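Worksheet: one structure, shown below.
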Amino acid sequence: MSPHNFEFHLPLSPEELLKSGGVNQYVVQEVLPIKHLSSQLRAFQSAFRAQGPLAILEHFDTVYSILHHFRSIDPGLKEDTLEFLKKVVSRHSQELPSILDNTALSGSDRSAHLNALKMNCYALIRLLESFENLSSQTNFIDLDIGGKGKKARAKAALGFDWEEERQPVLQLLTQLLQLDIRHLWNHSVIEEEFVSLVTGCCYRLLENPTISLQKNRSTKEAIAHLLGVALVRYNHMLSATVKIIQMLQHFEHLPSVLVSAVSLWAADYGMKSIVGEIVREIGQKCPQELSKDTAGAKGFAAFLTELAERVPALLMSSMCILLDHLDGENYMMRNAVLAAMAEMVLQVLNGDQLEESARETRDQFLDILQAHGHDVNSFVRSRVLQLFTRIVQQKVLPLTRFQAVVALAVGRLADKSVLVCKNAIQLLASFLANNPFSCKLSDTDLAGPLQKETEKLQEMRAQRRAAAAPAALDPEEEWEAMLPELKSTLQQLLKLPREEADEQISDAETVEEVKGRIRQLLARASYKQAIILTQEATSRFQESEPFSHTEPEENGFLDLLGIIFKGPAASTEGSHGDTDPGLTGSKDSPSVPEPEGSQRNDEALVKQEMLVQYLQDAYSFSQKITGAIGIISKMMYENTTTVVQEVIEFFVMVFQFGVPQALFGVRRMLPLIWSKEPGVREAVLNAYRQLYLSPKGDSARAKAQALIQNLSLLLVDASVGTIQCLEEILCEFVQKDEIKPAVIQMLWERATEKAPCSPLERCSSVVLLGMMARGKPEIVGSNLDTLVRVGLGEAFPQDYRLAQQVCLAIANISDRRKPSLGERHPPFRLPQEHRLFERLQELVTKGFAHPDPLWIPFKEVAVTLTYQLAEGPEVICAQMLQGCAKQALEKLEKGTTEADPKEAAPKLPTFLLMNLLSLAGDVALQQLVHLEQAVSGELCRRRVLREEQEHRTKGPKEKINKPEACSSGTASSDSTMEEELGLVGATADDTEAELIRGICEKELLDVDAVCNSPGLYSNAELSAAASLALGKFCMISAPFCDSQLRLLFTMLEKSSLPTVRSNLMVATGDLAIRFPNLVDPWTPHLYARLRDPAEQVRKTAGLVMTHLILKDMVKVKGQVSEMAVLLIDPVPQIAALAKNFFNELSHKGNAIYNLLPDIISRLSDPEGGVEEEPFHTIMKQLLSYITKDKQTESLVEKLCQRFRTARTERQFRDLAYCMAQLPLTERGLHKMLDNFDCFGDKLLDESVFSAFLSVVGKLRRGAKPEGKAIIDEFEQKLRACHTRGMDGMEELEGGHGGGQRALSVKKPSAAVSRLQPLTSVDSDNDFVTPKPRRAKPRRPLTQQRKSQRKAKVVFSSDESSEDANFQRR
């Protein structure tokens, strides 16, 4: 076929070129075999050198054959073909301009060039697509295989790096399309197939997921430019719009790619209208359909969001089309539209120079954003808060909306969604960081200036009004003019503390005279005085008009003022005529004000109004932030790490802005340093790093001084827990070398009084040094002698507070942990002769005889430090005891000699006895700790070292005789036991040991006597010391503990001193850990302290029981309901403690599920339970831990059965409320239907009926279509029984031909027969150990009937075994 006689038609598929078509249509004559392809390609290349681009007309079959065999041919041939076709098309694009400009071009030549253009483009594009398909398949294989060598595998499959070759091909096609090639076609109309060929290649390239990667950026840009040329020159807009919509629905990687392309077309090619076309297509999508097409909605949402960020001005004109999606069900589309609005506010509708229409549009967008802050979907609410955060950060939020958006953020803090709460905190933090008011926001500091400037403004307005008062004004108009300011003044007076009125009503004044005075005050704008005078008149003339019908509300008061002011016309005019001239004359001396002075006055008034408005806004903003602090502080211990981190960052920012309440949050975050979440712990460290480690100062010394001052302020009134947390933080900082040496140097200067400071500052310096010594012991260890000289010197009177802190600081130089078996080095200890122990012994002994309340805490840490650091500490402490006991005896003997024989026996001073008891108790307890930790640890360490040495010295033969070696080792161990007790080889003297033992036994008797005789020893401090000492002695010996337990629990129950009861609660808790079998029978008395009238005792009891229960040291019995009662404790700290206990208990398997029956039974007991509302609060919290379906079903069945045994309406309501709080499923509903007879007759009560209706509502929300029939049946039964009782249900079942779910009478009676009454656990006169409950045989039927008379809601002992069976299942 002659090249000039055929016409090449672009095929839809390659196979069409093999079929004979119309007249003169080109058909591929032969598909060449693979072996001939290389030679034919070389022939094509030769023809190209001779004929140019038209050579394709004779050699197209060669290119077609290569495409046909593409997967089978050699990679080198593929690459050669691609390079050659690129050369052909490039040559053709270079020659076409001259050809197109040739007016004498014949029709045959034009046809030949058109066919060559189509063939070359078709061949190049199909080859491009073939390479792309092969590359995509290689990428999918790499995704499955993974690992290294992906690029090498792709190169092996294709013969070269295809990703680098795509861009030149696309640029070549772009260059070709930029020519005016339409003249090659008849009538200069380019055929649609050619445009589709080129653009279709671009869209297929975009479908590859790897196109969105950064390394393919050049390819994306080349595709965008190619499509941009098609849009501008070849009318491709409609097709491009349709294709973009389709691709967004099916390819999730394309939104960002297409946004880049669309923004490029709008900016570089002037195709701004395509933005409107695409948005119109998205806007016309049905919201109901998008709610089903999640993938499509996600693509559209991402596209709109990014498009608004790129070209917000172009998108704004089309926003009205998208508004319908704000009412759609798909939240992603709502988020996208809201994000687009926010971008327009941020980038287009910002600034103060907006036109009126733009300002209205901005306000509409902000109104919509605020409205969706209350959207039903939490993701939308969260997104709105995020958008407002950006708006606030970029400072484009109008000041008029500040208060409203802050109120929105504060309201969202109570949102159920954690994500919303987190973003609300972020928004409030942004408001703080970008607030236009002040760097210090304290509402107390702002209230004073606000009131002062407001009064000044009122005076200025009064002066202006008096100076410019017209001769005659209509009272109605004058009233309307003053009404806004009067209303504002009235509102401020209601908010601010009420002051005494300056105006007083005399007894002789009449109603009319008072009304006249009020009118005068209103006329000269003295609104505050007028309001106060009217308030007094209202209370004075209650029976006279118009004061008799005044309403207390704001509107009623304004109406009264209006009646008085407008009144009769003559009265008003007379009043004005009499008063105004005098007033104006007194205030403004010139009769006619000068224009310049008037203008200056107006400017000053405007400035004053702006100042008052600014202060008002700042005060309101500060109040809202202060209100938010209380809410946010409660989120500090949420389970979500990100929320806790946001709360911490918020308090750091609030603290930096000087809000007084922020210090509460900064201190409250301290315990989070112990968090198991690394993110939370690091957030606390960063917070204190920002607040305290970066002080302001001109020099290193000034910065160190500021840092020490800030840390010292934290120690003021700090609890022991706060100090421990701060110590952990400082230890971390010291270990990371974040505390500068200048800080430590200044601390030493203050501690040694080289730098001037107060005694309290000196003490705090020692505390801080001790905290840092935990991180680096050498901080104190290298200056130990200095510290002993400073804090334990010979000065008198001794500063025991400083001495105590010195001891605590020194204690941090040694490791307090029990030595492990792997330790090779002996523990760090100081010799007995060290100056430290000499001073400690002297201070304890000398201070014993002086009634200093600080001696007891110092003595305690001194004894602890001695046992921690001294070699043979029992010797030193024995000498302490000897010295103190000797002084007590001398005092007693002195009193005996001086006493009158006729008088009673002399008495020892109370404080001496108290000091002696306290010292003996401390020594006894520390001796126990010393033996169990230090001595036993050292014995183990030495035994391990000895065994290792023996193992190395033994010969092979000696190793065989193991029994002999063991016996010799035992003998050796026994022979050196006395040496082991000295820790360093010094043998303890037997006489000293006997002396210590004798002293302890003697003091034991004395302690017992003091505790047994509260009437004789009535001093509160003595009682506390004696009870503590008794508890410490009980820790030593099990027999002694057993003999004293009755006394301990009697004091715990009967003592009138809360301090004694609190101390004994701690002591008995320690005993429960050390001797659990002895304390177990007394457990009910431990639980009883949870209802102690003293707040201190309840808090201590809650802490102790939390530790005992969570560590499984006491059996969790029904009395745990006392812990549940703490959930409603009026003290927030105790309620938080109880909530934390149940949170931790919920992680221990089925613990709460097993306890719930007893808790419900006890709390709903009419005799010993709680009120109805508190019961609801407690059960709502406890039932929230029931999340397993089987647990829910079992509880439903048990609660239904309890309806039969309940005897009061209150118990019915309680049980129904518990049922309503359970997360019921369809199986749980079946359980309720099976047990309907148990509660059907109780549905006459409105509260019970409402509770079950709420159950129906919950079930409906998540019900499947097949389950709705059962729910409807259940609801019908409920309503029938509510209206007509059980008879109504029988009629209903009769109507349905049923009664299938009716229960037999015998089964519930059997359940009732198993009930056991509960005995009281809070007996005042019986401290006998209760006997354990044993399983009893089933009783006869007559006895069962007697047990039904009990009125309490109780649970059978059999059901506890059922619970256990459930756990095993």
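All values below come from the heavy atoms of this structure, side chains included, with hydrogens, waters and symmetry mates left out. This is a predicted model, so every value here is computed, not measured. Position 1 is the first residue of the sequence, and the numbers go up from there.
Listed by first then second residue, pairs satisfying salt bridge (charged side-chain N to carboxylate O under 4.0 Å, His left out) with a partner in residues 328-337 read Arg334-Asp375, not counting sequence neighbours.
In this structure, the side chain of Ser260 engages the main chain of Ser256 through a donor-acceptor pair within 3.5 Å. At distances below 3.5 Å, not a single donor-acceptor pair connects side-chain atoms of Arg383 with backbone N or O atoms of Asn335.
Here Arg91 pairs with Glu95 in a salt bridge; the nearest charged N to carboxylate O distance falls below 4.0 Å. The existence of a salt bridge linking Lys118 and Glu193 is excluded, since no basic side-chain nitrogen approaches an acidic carboxylate oxygen closer than 4.0 Å. Lys422 and Asp415 are not joined by a salt bridge, as no carboxylate oxygen comes within less than 4.0 angstrom of a charged side-chain nitrogen. Residues Arg280 and Glu277 are paired through a salt bridge, judged by an N-O separation under 4.0 Å between the basic side chain and the carboxylate. Between Glu306 and Arg310 there is no salt bridge, since no side-chain N of the basic residue sits under 4.0 Å from a carboxylate O of the acidic one.
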Is there a salt bridge (Lys or Arg N to Asp or Glu O under 4.0 Å) between Lys285 and Asp324 once you walk through the steps?
CA-CA 10 Å; Lys285 292 287 182 182; Asp324 287 344; over 6 Å; no

For Leu173 and Leu124: C-alpha separation, side-chain torsions, deciding distance, then whether side chain to side chain contact (heavy atoms under 4.5 Å, CB included) applies.
CA-CA 9 Å; Leu173 291 172; Leu124 181 61; 4.3 Å; yes

Please evaluate residues His92 and His113 with respect to the criterion side chain to side chain contact (heavy atoms under 4.5 Å, CB included), reporting the C-alpha separation (whole Å), side-chain torsions for both, the decisive distance (0.1 Å), and the verdict.
CA-CA 9 Å; His92 203 179; His113 280 287; 3.5 Å; yes

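Taking each heavy atom of Tyr64 and Pro14 in turn, the nearest pair found is OH-O, 2.7 Å.
For the atom pair Ile223 CD1 and Thr174 OG1, the distance stands at 10.0 Å (nearest 0.5 Å). Taking CD1 from Ile274 and CG from Leu314, the interatomic distance works out to 11.5 Å, rounded to the nearest 0.5 Å.
The ring pair (Phe, Tyr, Trp, His ring centres under 6.0 Å) search around Phe365 returns none, not counting sequence neighbours.
Under the 30°/60° scheme for interplanar angles, the aromatic rings of Tyr122 and Phe60 are found to be tilted. A tilted orientation is assigned to the rings of Tyr26 and Phe8, their planes being inclined by 30° to 60°.
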